[in-house]
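Take a look at the structure set out below.
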Amino acid sequence: MHSFSACELHRRFVDGEVSARKIAEDFLNRIRQLDPSLGAYLEIFEARVIEQADRLDCKRRGGEPLGLLAGIPIAIKDNINIKGEKTTCASKFLENFIAPFDATVTRRIREEDGIILGKTNLDEFAMGTTCENSAVQITRNPWDSNLVPGGSSGGSAAAVAADMAPIAFGSDTGGSIRLPASFCGISSFKPTYGRISRYGLVAFGSSLDQIGPMAYSCEDLERIMQVVAVPCEKDSTSLSDPAFSPVSFEERYGSGFRVGVPWQFLEGLPNDTRAIFDRALKSLRSIGADIIEVDLSILQYAVSTYYILCTAEASTNLARFDGIRYGVRSDRAETLDEVYDFSREEGFGDEVKRRIMLGTFVLSSGYQDAYYRKAQKVRQLIINRFNDAFLKCDCIAFPTSLSGAFAFGEKKEPLSLYLEDLYTVGANLTGVPVMALPAGFLPDSRPIGFQLFGQQRHDAELLSIGRAFQSVTEYHTQRPKGMNK
Amino acid sequence: MADITEERLLHLAKLCRINCSSKKRAELLRDFQQVVSYIEVLSEVDTDGVEPCNYVVSGCGKTPLREDEGVNTLDRELLLQIAPSSIAGLVRVPTVLTPSKN
C-alpha cells in the first residue's frame, strides 16, 4: 500500500477498496520500521492519525462528501504550524514551542480530509543544504545511508523517497525543496512566489520563502496544489488569482513548446551531470520541445545576491526570537539583557548565528548601500533577464545541482555549501515557479534531478509539462533498494 | 571593500545579540571574511539607473487592504501558555528598571 501514489490511495479509499484506518496503519507501520534508521520524522502523530482515519471511514460509510485529499497521508516540515503540536524548526530555541494556530496549508489539508502523519526534520530554521544543521537529529538518504538527504527540507524528501508518506510539504527559500528532492530521487514543486500562503510558516527570508509539495509524481503534485494554492487573506503577499487548476498538456502545448537552456551559464557542469541533463532534454524533445539557447549569464551573480538578501531578511525575521514571549528562555539569565543574549546564544546553532551576523552586516550603517541595496538592484536585473528569456521560450531548463548527494561532513566550509545553491536560487530571486524532477542516476547510483523554470503564475502550465515528461520517462517510478522490508 | 576585523565582528555580534565566544571567534572570522569577499563580486555589476527590487511578482506591487473591522486574533490564555514565564495574565520578564541606591 505504501508504494501507491497519493492519487491511487485516494481513488481506492473513495471507491471503498480500502479503509482510511488500513492506510493509516500501513504508513504508521512503515514509519516504525524504517524511520529509526532514517530519521526523517521529528514527531509522529500516532493517536491523532488513527482517530482521524476512523472519522474518515465513518464519513464515507455515512455517504458524506469526501475531500480531495481523503485517504492521503501527508508529512509536514517542522517549520509549518499545526495547532496544538510542536513547531521546533529543528532548533533548541523552539524545542518546547506549541503552535497556537494552524498554518493555512494545514487548514486546507484538514478541510480536504488529508491525514497529517507527522512533522519532518530540517536544517535549523531551514538554513542549510544538507539537513546536517538540525539541532535534533541526523536524517539519512534512503538511497544510501552514508549520504545526506539534502536540505533544508531533508526530512520531507527522505519520508517520500522511503514511501513513509506519498506527499510531504517543504519550504524553499533558495532551493530547500528542490535540492533534497533531487538528492532523494523524487519530484518537487516550488510555486510562483505568493501562490501558496506563507501564513503559519516560520519566516526565514520573507521575499524568497515559498511552501511547496514533494511527491514521486507530478500527478500527485497537481492534486495537492489544487488544495493549497488558494488566495489567503492572512498573507498579504498571497496572490489573489483563482485557485490552482490543472491544465491539459495536449491543449496547451500539443502543437509544441520551447525550452530555453542557458548554456553559457552551465559551462562548469561536470560530465556525468551534463550527460543526465542532456538525456532529460532529449526526453523533452520527444514530447514536442524545441530546445533553444537563452542568455542568463547574469546568474553568475545569483548566489552573492541571494546570500545578501536572505541573510538580511533572516537577521530581521529572527530578531523576534528573544526569549521573552515564546521559545526557550535561558536559565542563566538574571537581567533583561541577559535574557536576550543568553537565550540566543544557547538557542541558535552556528549556521543560524552566522547568517544573522552576515545579515546584520549587510544592513549595517555604512554598508547597506554597497551590499543590501546593490543586491536588490542586481535582483531586478536578474528578473529583467528572465523576462527577456521568457519572450523566447515557455520554460527554462537547469540542472538542480552540480552533482548528487554528498557524504556526511564532506562539505564543512559555509561558502562551499552556499555554492551548492548555484542553480536553484534564481527561481527564488525572480519568484518564478519551478519543478525539480528525477532525471536519472550517476554512475555510482546516486539519484539526480533537473529543473524546469516557468513564467510567473504559469504554475499549472509548468506542471502539465512535468506530467508529459513523466509519461515518457521512468525515473520517478524507481525506488531505493533495501527499503522493501 | 569591507575590512572584516575581529573588532568589527564583535561590534556586529553586539548589534544582533549573538554572543561570539572566544572559542569560536577565529573560525567565525575566517568564514565571515571568506563569504564577504565572495559577495563583493556584485560591485562589478553595472546597476546605474536600475530601481531596487522591492516586490518580486509583477503586477502585485501594492499591499492589499481589507475593511477596518475588528477580528478575533489569538486567545490570551493560549499565548500565555507558550510564554517562558507569566504572571497575572502578563508575560513576565526580569526587572527592567532597578531602584536607585540613593
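Everything numeric in this text was worked out from a predicted model, so none of it was measured. Letters go in sequence order (proteins before strands), and every chain restarts at 1.
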task: Give, as side chain, backbone, both or neither, the part of B:Asp75 having an atom under 4.5 angstrom from any heavy atom of chain A.
output: neither
task: Under 4.5 Å heavy-atom distance to chain B, tell me which part of A:Glu334 shows up: side chain, backbone, both or neither.
output: backbone
field: Engaged part of B:Lys24 at the chain A interface, taking heavy atoms whose separation is under 4.5 Å
entry: side chain
task: Write down the atom of B:Pro84, the atom of A:Gly327, and the distance for their closest heavy-atom approach.
output: CG-O, 3.5 Å
task: Using the side-chain contact (heavy atoms from CB on, under 4.5 Å) rule, take B:Ile39 and A:Val362 through it: C-alpha gap first, then chi angles, then the decisive distance, then the call.
output: CA-CA 10 Å; B:Ile39 61 176; A:Val362 300; 4.2 Å; yes
query: Can you check whether B:Cys16 reaches A:Met357 side chain to side chain, under 4.5 Å on heavy atoms?
result: yes
task: Using non-hydrogen atoms and a 4.5 Å limit, figure out which bit of A:Leu318 sits close to chain B: side chain, backbone, both or neither.
output: neither
- prompt: Are side-chain heavy atoms of B:Val93 and A:Arg329 found at a separation under 4.5 Å?
  reply: yes
query: Can you say whether B:Leu74 sits under 4.5 Å from chain A via the side chain, the backbone, both, or neither, judging by heavy atoms?
result: side chain
message: At a 4.5 Å cut-off on heavy atoms, which part of B:Arg30 comes close to chain A: side chain, backbone, both, or neither?
response: side chain
statement: Assert top hit (heavy-atom pairs under 4.5 Å, partner chain A, pool B:Glu27, B:His11, B:Gln81, B:Arg8) equals B:Arg8
query: Would a 4.5 Å heavy-atom cut-off, applied to side chains only, mark A:Arg354 and B:Asp31 as touching?
result: yes
query: Which bit of A:Thr305 is near chain B, if near means a heavy-atom gap under 4.5 Å: side chain, backbone, both or neither?
result: both
- request: Could you tell me which of B:Val91, B:Ile82, B:Val35, B:Leu79 has the largest number of non-hydrogen atom pairs under 4.5 Å with chain A?
  value: B:Ile82
- prompt: Between B:Ile4 and chain A, which part of the residue has a heavy atom less than 4.5 Å away: side chain, backbone, both or neither?
  reply: side chain
message: With a 4.5 angstrom heavy-atom cut-off, is it the side chain or the backbone of B:Leu42 that approaches chain A, or both, or neither?
response: both
task: Using side chain to side chain donor-acceptor pair (under 3.5 Å) as the criterion, point out the one residue from A:Glu345, A:Arg344, A:Lys353 that pairs with B:Asn19.
output: A:Glu345
query: Contact part of A:Ile382 toward chain B, heavy-atom cut-off under 4.5 Å: side chain, backbone, both or neither?
result: neither
- request: Compare all side-chain heavy atoms of B:Val50 with those of A:Val378 and state whether any distance is below 4.5 angstrom.
  value: no
message: Report which part of A:Ser240 has an atom under 4.5 Å of a heavy atom belonging to chain B: side chain, backbone, both, or neither.
response: neither
task: Measure the spacing between CG of A:Asp350 and CD1 of B:Ile18 and express it to the nearest 0.5 Å.
output: 10.5 Å
- line: One should read off an interatomic distance between A:Leu358 CG and B:Leu28 CG, to the nearest 0.5 angstrom, of 10.0 Å
- request: Identify which part of B:Val45 has an atom lying under 4.5 Å from any heavy atom of chain A, answering side chain, backbone, both or neither.
  value: both
- request: Under the side-chain contact (heavy atoms from CB on, under 4.5 Å) rule, what do A:Phe101 and B:Leu78 come out as? Steps first, then yes or no, please.
  value: CA-CA 10 Å; A:Phe101 62 93; B:Leu78 202 61; over 6 Å; no
- request: With rounding to the nearest 0.5 Å, note down the distance linking CZ in B:Arg66 to CD in A:Glu233.
  value: 7.5 Å
message: Ignoring hydrogens, what is the shortest heavy-atom contact between A:Tyr371 and B:Val36? Give both atom names and the distance.
response: OH-CG1, 3.8 Å
message: Contact between A:Ser207 and B:Val56 at the side-chain level, heavy atoms closer than 4.5 Å - yes or no?
response: no
- prompt: Taking atom OH of B:Tyr38 and atom OH of A:Tyr418, what is their separation to the nearest 0.5 Å?
  reply: 12.0 Å
- prompt: Hey, what do you get for CD (B:Glu44) to OG (A:Ser304), rounding to the nearest 0.5 Å?
  reply: 9.0 Å
message: At a 4.5 Å cut-off on heavy atoms, which part of A:Ser315 comes close to chain B: side chain, backbone, both, or neither?
response: neither
task: Please look at A:Phe348 and chain B and tell me whether the side chain, the backbone, both or neither of the residue comes under 4.5 angstrom of a heavy atom of that chain.
output: side chain
Segment of A:Ala375 engaging chain B (4.5 angstrom heavy-atom cut-off): both
message: At a 4.5 Å cut-off on heavy atoms, which part of B:Glu51 comes close to chain A: side chain, backbone, both, or neither?
response: backbone
message: Nearest 0.5 angstrom please: A:Thr360 OG1 to B:Arg17 CZ, how far?
response: 12.0 Å
task: Measure distances from A:Leu336 to the heavy atoms of chain B and classify the residue's part below 4.5 Å as side chain, backbone, both or neither.
output: both
